[in-house]
K.L.:
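This structure is in structure tokens; I'll ask about it shortly.
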Number of protein chains: 2
Amino acid sequence: MSKQTPRTLSGFMELLPPAQQQMERMMEVLRRTYSLYGFTPLDTPVIESSEVLLAKGGGETEKQIYRFTKGDADLSLRFDLTVPLAKYVALHYNDLTFPFRRYQIGKVYRGERAQRGRFREFYQADIDVIGDGQLSILNEAEIPAIIYKTFSTLGLRRFQIRVNNRKILNGFYEMQGLSERSGDIMRTVDKLDKIGADKVGAILVDDLGLSREQSDEILRFISISGSNDQVLSALSGYAGRSPLFDEGLSELNSVSSSLTAFGVPAEHFAVDLTIARGLDYYTGTVYETTLLDHPEIGSVCSGGRYDNLAEFYTDKKLPGVGISIGLTRLFYVLGEQKMLNPDLPTAPADVLILPMTEDLSAAIALATSFREAGIRTQLHCEQKKFKQKISYADKLGIPYVIFLGEDEIAGGIVACKDMATGEQSKLSPADAITLIRAGLAEKNSGAVILG
Amino acid sequence: MSKQTPRTLSGFMELLPPAQQQMERMMEVLRRTYSLYGFTPLDTPVIESSEVLLAKGGGETEKQIYRFTKGDADLSLRFDLTVPLAKYVALHYNDLTFPFRRYQIGKVYRGERAQRGRFREFYQADIDVIGDGQLSILNEAEIPAIIYKTFSTLGLRRFQIRVNNRKILNGFYEMQGLSERSGDIMRTVDKLDKIGADKVGAILVDDLGLSREQSDEILRFISISGSNDQVLSALSGYAGRSPLFDEGLSELNSVSSSLTAFGVPAEHFAVDLTIARGLDYYTGTVYETTLLDHPEIGSVCSGGRYDNLAEFYTDKKLPGVGISIGLTRLFYVLGEQKMLNPDLPTAPADVLILPMTEDLSAAIALATSFREAGIRTQLHCEQKKFKQKISYADKLGIPYVIFLGEDEIAGGIVACKDMATGEQSKLSPADAITLIRAGLAEKNSGAVILG
């Protein structure tokens with residue numbers, strides 16, 4: 001028979017088992033952390049009707065969308081988790097209780113040009129809080145706490161959550177009489193990190209037609225920096241000239257002042273006026289999260305406050321705040337940077353039981369009792385040489401091997417080998433369980449990411 | 001602005017938050033149980049190249065496949081998890097260690113005609129053990145133990161794992177000189193439950209051209225029933241006439257005899273000669289699992305032993321054994337039958353904290369300490385009347401509400417209301433954590449499914 005060469009599509013992540021175990025650990029941390037903050041899990045379809053998914057229309061992403069027909073239906077794969085959330089909330093509005101807090105970790109699809117580290121199928125891990133008509137500023141204040149808890153639980157140490165408020169920016173441009181051009185200006189200013197102040201100034205003057213004075217004023221404003229208190233204090237110098245600015249400053253003060261109570265250390269948080277987020281729908285606090293030692297990666301967790309989640313589906317005003325982690329890309333980058341903890345077990349089992357007798361019932365009963373005790377156990381009964389069986393445990397990184405021969409069965413004991421130390425001990429099954437549990441607790445105690 | 005009516009595609013399950021929480025519990029049980037038996041999690045792409053996914057070609061499912069082009073690429077959504085596994089094992093053969101044990105819980109796609117309880121996007125939850133060239137019968141014997149553990153942990157009581165062996169069937173047809181027609185015969189016999197012995201006999205004689213005698217012999221054979229020992233004993237009467245039959249009987253004896261050591265009670269297991277599984281690639285033990293009170297649902301967990309997982313991709317002989325749960329359909333059926341435990345918490349949070357002061361820092365600090373203690377906590381700081389806030393907890397089923405006013409803050413205590421009993425107590429935050437943890441342990445102690 002002629003064979004089809006097996007391959008996986010370019011831009012689609014498919015991990016080997018040890019890496020998959022690390023990914024699962026990351027996902028488990030996200031699920032647990034989001035749950036601790038009172039977010040409920042959601043799972044929406046990967047496929048939606050194109051007219052529903054693309055109700056907003058246009059946009060740069062449209063070309064990238066996986067769109068196709070099946071029978072009469074015009075279908076598309078979701079390209080983010082926000083549009084499906086908007087649809088969900090509008091569709092199930094009467095069955096939901098607001099504020100509605102949900103998390104979703106799911107695959108999304110974008111047919112980007114394939115290149116290293118870019119994915120066409122990738123996980124996003126999102127949380128959003130949606131209000132019905134109104135939403136307290138506390139929700140915006142809580143987001144940095146969730147980001148902090150998430151990344152510190154994952155093991156990261158050197159990261160910073162950068163926060164700004166769109167009302168401060170919009171208010172500032174209002175003061176300068178530049179409200180109508182604030183979108184273009186912010187998109188330009190957003191490039192500051194990449195192209196530098198001189199080039200930003202040149203674009204503002206040459207391309208956007210601002211005066212040199214206006215351009216300088218803008219560059220002066222966004223270069224305000226220092227400690228959070230210093231930045232907030234410098235901002236207060238602009239107060240009283242725009243109600244919008246003042247509202248934004250008050251919100252930023254609220255967000256900033258509650259961080260201690262939320263347990264976020266000051267060094268993990270920075271007010272940063274250069275952050276605007278490209279998307280037009282953000283209207284209040286905006287967030288980015290950067291790895292201090294890897295600024296080249298860009299933001300690993302971003303989001304913000306918006307006023308109208310579902311305006312394309314409903315007249316209901318549904319303000320919200322949310323953040324998103326691009327999990328597949330983050331995982332890829334962490335791998336590239338050798339930041340995934342190699343000491344955590346990635347084996348499929350904690351214990352490999354090697355029966356040394358023809359009759360397997362004692363070995364099976366032992367495996368059953370280990371599993372009852374919560375120990376991940378594999379029986380190895382293949383027709384292989386003893387050495388090959390040990391090598392099997394070794395290759396997979398299974399931390400413990402149990403030998404069970406006539407003598408052990410007769411004596412009611414097991415021979416347990418710690419594969420890391422090579423130490424072998426004969427002990428009762430109950431003591432073996434205690435020993436293995438203690439060893440596993442230690443082996444599993446580290447975090448996924450090397451901070 | 002004109003609105004797009006939000007809708008979810010027909011045949012795509014989209015759950016409300018309480019139902020989603022139940023689904024998550026089921027998935028968590030599956031992940032944990034599969035892990036206990038030494039299976040490693042895998043995650044393969046939803047999209048594959050059509051030539052790879054459809055290498056086997058033809059088949060009834062081909063019409064149902066979501067197939068489309070993106071640029072030059074001919075793509076398809078996976079329609080099961082077995083073909084992607086075959087591709088994975090063939091592609092990564094050199095990086096895997098055999099026997100390779102993996103589980104995968106993922107969405108698959110089939111464009112079936114939409115009808116109640118039929119899904120176009122649905123979860124399958126699969127486990128497979130793949131050997132390199134050979135695979136011990138123990139793996140086939142272990143499968144019923146995994147099925148038993150899975151369903152009993154989910155809470156089911158009245159279910160039965162039905163087992164047969166294809167070698168017994170093929171050997172029997174060999175004895176009758178009917179080897180070449182055994183496929184057609186088995187497909188007919190498979191309908192026994194639905195159409196009865198008379199009609200099966202009629203098809204065998206009229207359509208397949210068997211003699212009345214052969215037909216009677218077949219019907220006599222597949223009607224062998226009784227306790228497992230009775231069936232095995234009746235089968236031994238056919239021994240010695242076909243090596244294939246004898247091999248199958250020996251395997252069936254092995255599987256059956258190890259059940260006690262695996263902890264599977266006899267009443268959950270039955271040797272059933274009518275089970276053949278339609279698919280041609282099964283070659284040894286085959287499994288079905290039925291709910292005793294709902295035979296109309298059919299099998300909720302099926303699978304078997306096969307000799308050649310990846311024959312379309314590689315010359316390597318990769319025998320295996322696996323089972324699959326159609327999770328979305330099972331969840332749907334359990335819901336319809338009111339078998340999902342309504343007493344388990346489905347709220348997004350365990351505790352709702354209601355701050356009664358302007359300054360929120362004490363409430364925030366309390367929420368932070370609760371979360372550190374592993375309690376899922378939501379702060380409710382919206383501009384709402386007190387009654388509305390209580391009603392919020394009530395609607396969501398949040399089991400505990402904490403009030404924090406001036407007096408409580410001054411006294412270093414909290415007021416904690418148990419929403420189920422209405423009981424309210426004033427106690428220290430530490431005591432509140434103890435109280436809530438104990439309450440949650442009890443509330444969460446039940447299984448997902450009502451047996």
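Excluded from the calculations below are hydrogen atoms, water molecules and symmetry mates; all remaining heavy atoms, backbone and side chain alike, are included. Each chain gets a letter, A, B and so on, in the order the sequences are listed, and its residues count up from 1.
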K.L.:
Name the option with the most non-hydrogen atom pairs under 4.5 Å to chain A; the candidates are Q20(B), E372(B), E382(B).
P.N.:
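Most heavy-atom pairs within the cutoff with chain A belong to E382(B).
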
K.L.:
Against chain A, label M13(B) side chain, backbone, both or neither, depending on which of its atoms sit under 4.5 Å from a heavy atom there.
P.N.:
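Looking at M13(B), just its backbone touches chain A.
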
K.L.:
Which answer fits L16(B), side chain, backbone, both or neither, if we ask what part of it has an atom under 4.5 Å from a heavy atom of chain A?
P.N.:
both

K.L.:
Does atom NZ (K316(A)) have a neighbourhood of more than 12 heavy atoms from anything else shown, all under 6.0 Å?
P.N.:
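12 or below, so no.
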
K.L.:
Just jot down the ring-ring contact (aromatic ring centres under 6.0 Å, His included) partners of Y66(B), sequence neighbours excluded, or say none.
P.N.:
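So Y66(B) forms no ring-ring contact (aromatic ring centres under 6.0 Å, His included) with any residue.
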
K.L.:
I'd like to verify something: which residue of L91(A), L379(A), V351(A) has the highest number of heavy-atom pairs under 4.5 Å with chain B?
P.N.:
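Top option by heavy-atom pairs under 4.5 Å: L91(A).
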
K.L.:
Out of A365(B), S49(B), G263(B), which one racks up the most heavy-atom pairs below 4.5 Å with chain A?
P.N.:
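Counting heavy-atom pairs under 4.5 Å, the top option is S49(B).
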
K.L.:
What residue in R371(A), Q378(A), R376(A) has the most heavy-atom pairs under 4.5 Å with chain B?
P.N.:
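Ranked by contacts with chain B, first place is R371(A).
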
K.L.:
In terms of heavy-atom proximity below 4.5 Å to chain A, should I65(B) be classed as side chain, backbone, both, or neither?
P.N.:
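Only the backbone of I65(B) comes within 4.5 Å of chain A.
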
K.L.:
Among E142(B), M23(B), R102(B), who wins on heavy-atom pairs under 4.5 Å with chain A?
P.N.:
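Top count of heavy-atom pairs under 4.5 Å with chain A: E142(B).
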
K.L.:
Relative to chain A, which segment of N139(B) carries a heavy atom at a distance below 4.5 Å: side chain, backbone, both, or neither?
P.N.:
side chain

K.L.:
What part of L75(B) gets within 4.5 angstrom of chain A, counting heavy atoms only: side chain, backbone, both, or neither?
P.N.:
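When you check distances to chain A, only side chain atoms of L75(B) fall under 4.5 Å.
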
K.L.:
Name the region of F119(B), side chain, backbone, both or neither, that has any atom closer than 4.5 Å to a heavy atom of chain A.
P.N.:
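It is neither, since no heavy atom gets under 4.5 Å.
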
K.L.:
Can you say whether E24(B) sits under 4.5 Å from chain A via the side chain, the backbone, both, or neither, judging by heavy atoms?
P.N.:
side chain

K.L.:
Heavy-atom cut-off 4.5 Å, strictly under: side chain, backbone, both or neither for P99(B) against chain A?
P.N.:
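Interface part for P99(B): both.
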
K.L.:
Would you compute the distance between atom CD1 of I375(B) and atom OG of S35(A) and round it to the nearest 0.5 angstrom?
P.N.:
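One finds 14.0 Å between CD1 of I375(B) and OG of S35(A).
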
K.L.:
Does any backbone or side-chain atom of S369(B) lie under 4.5 Å from a heavy atom of chain A? Answer side chain, backbone, both or neither.
P.N.:
neither

K.L.:
Is L96(A) in contact with chain B via its backbone, its side chain, both, or neither, using a 4.5 Å heavy-atom distance?
P.N.:
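Just the side chain, heavy atoms under 4.5 Å.
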
K.L.:
Side chain, backbone, both or neither: which part of T260(A) has an atom under 4.5 Å from a heavy atom of chain B?
P.N.:
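Looking at T260(A), nothing touches chain B.
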
K.L.:
Could you tell me which portion of T368(B) (side chain, backbone, both or neither) has an atom closer than 4.5 angstrom to a non-hydrogen atom of chain A?
P.N.:
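Side chain only.
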
K.L.:
Looking only at heavy atoms and a cut-off of under 4.5 Å, which of P45(A), S136(A), G111(A) has the most pairs with chain B?
P.N.:
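Highest number of pairs under 4.5 Å: P45(A).
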
K.L.:
Counting heavy-atom pairs closer than 4.5 Å to chain A, which one of F98(B), F39(B), F100(B) comes out on top?
P.N.:
F98(B)

K.L.:
Between K149(A), E121(A), E14(A), K107(A), which has the largest tally of heavy atom pairs under 4.5 Å with chain B?
P.N.:
E14(A)

K.L.:
Checking F370(B) against chain A: side chain, backbone, both or neither under 4.5 Å from a heavy atom?
P.N.:
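F370(B) has no heavy atom closer than 4.5 Å to chain A.
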
K.L.:
Considering only heavy atoms, which portion of Y37(B) lies under 4.5 Å from any heavy atom of chain A: side chain, backbone, both, or neither?
P.N.:
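It is both, since atoms from each part get that close.
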
K.L.:
If you take all heavy atoms of K384(A) and Q134(B), which pair is closest and at what distance?
P.N.:
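Looking at all heavy atoms of both residues, the closest pair is CE-NE2, 4.2 Å.
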
K.L.:
Taking all non-hydrogen atoms of both residues, which atom of A349(B) and which atom of G38(A) are closest, and how far apart?
P.N.:
CB-CA, 4.0 Å

K.L.:
Name the member of L77(A), I137(A), T69(A), I47(A) that forms the most heavy-atom pairs with chain B at distances under 4.5 Å.
P.N.:
I47(A)

K.L.:
Please report the closest heavy-atom contact between E48(B) and T8(A), naming both atoms and the distance.
P.N.:
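Reported closest heavy-atom pair: OE1-CA, 4.5 Å.
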
K.L.:
Can you check whether L138(B) reaches I364(A) side chain to side chain, under 4.5 Å on heavy atoms?
P.N.:
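Counting from C-beta outward, L138(B) and I364(A) do come under 4.5 Å.
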
K.L.:
Counting only heavy atoms closer than 4.5 Å, note whether T5(A) contacts chain B via side chain, backbone, both or neither.
P.N.:
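T5(A) touches chain B through backbone heavy atoms alone.
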
K.L.:
Do you know which of D43(B), T40(B), V46(B) has the most heavy-atom pairs under 4.5 Å to chain A?
P.N.:
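Result: the option with the highest number of such pairs is D43(B).
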
K.L.:
If you count heavy-atom pairs under 4.5 Å between each of L366(A), I398(A), L42(A) and chain B, which one has the most?
P.N.:
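Looking at each option in turn, the highest pair count goes to L42(A).
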
K.L.:
Testing the basics here: between E311(A) and K3(B), what is the closest heavy-atom pair and its distance to 0.1 Å?
P.N.:
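Answer, listing the atom of E311(A) first, then K3(B): O-NZ, 2.6 Å.
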
K.L.:
Output the option from T346(B), T33(B), T314(B), D350(B) having the highest count of non-hydrogen pairs under 4.5 Å with chain A.
P.N.:
T314(B)

K.L.:
Between A261(A) and S361(B), which heavy-atom pair has the shortest distance, and what is it?
P.N.:
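Looking at all heavy atoms of both residues, the shortest contact is CB-O, 3.6 Å.
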
K.L.:
Can you tell which part of L352(B) gets under 4.5 Å to a heavy atom of chain A, answering side chain, backbone, both or neither?
P.N.:
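No part of it gets close to chain A.
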
K.L.:
Which atom names give the shortest non-hydrogen contact between K87(A) and R7(B), and what distance separates them?
P.N.:
CD-O, 3.3 Å

K.L.:
Considering only heavy atoms, which portion of R31(B) lies under 4.5 Å from any heavy atom of chain A: side chain, backbone, both, or neither?
P.N.:
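Only the side chain of R31(B) comes within 4.5 Å of chain A.
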
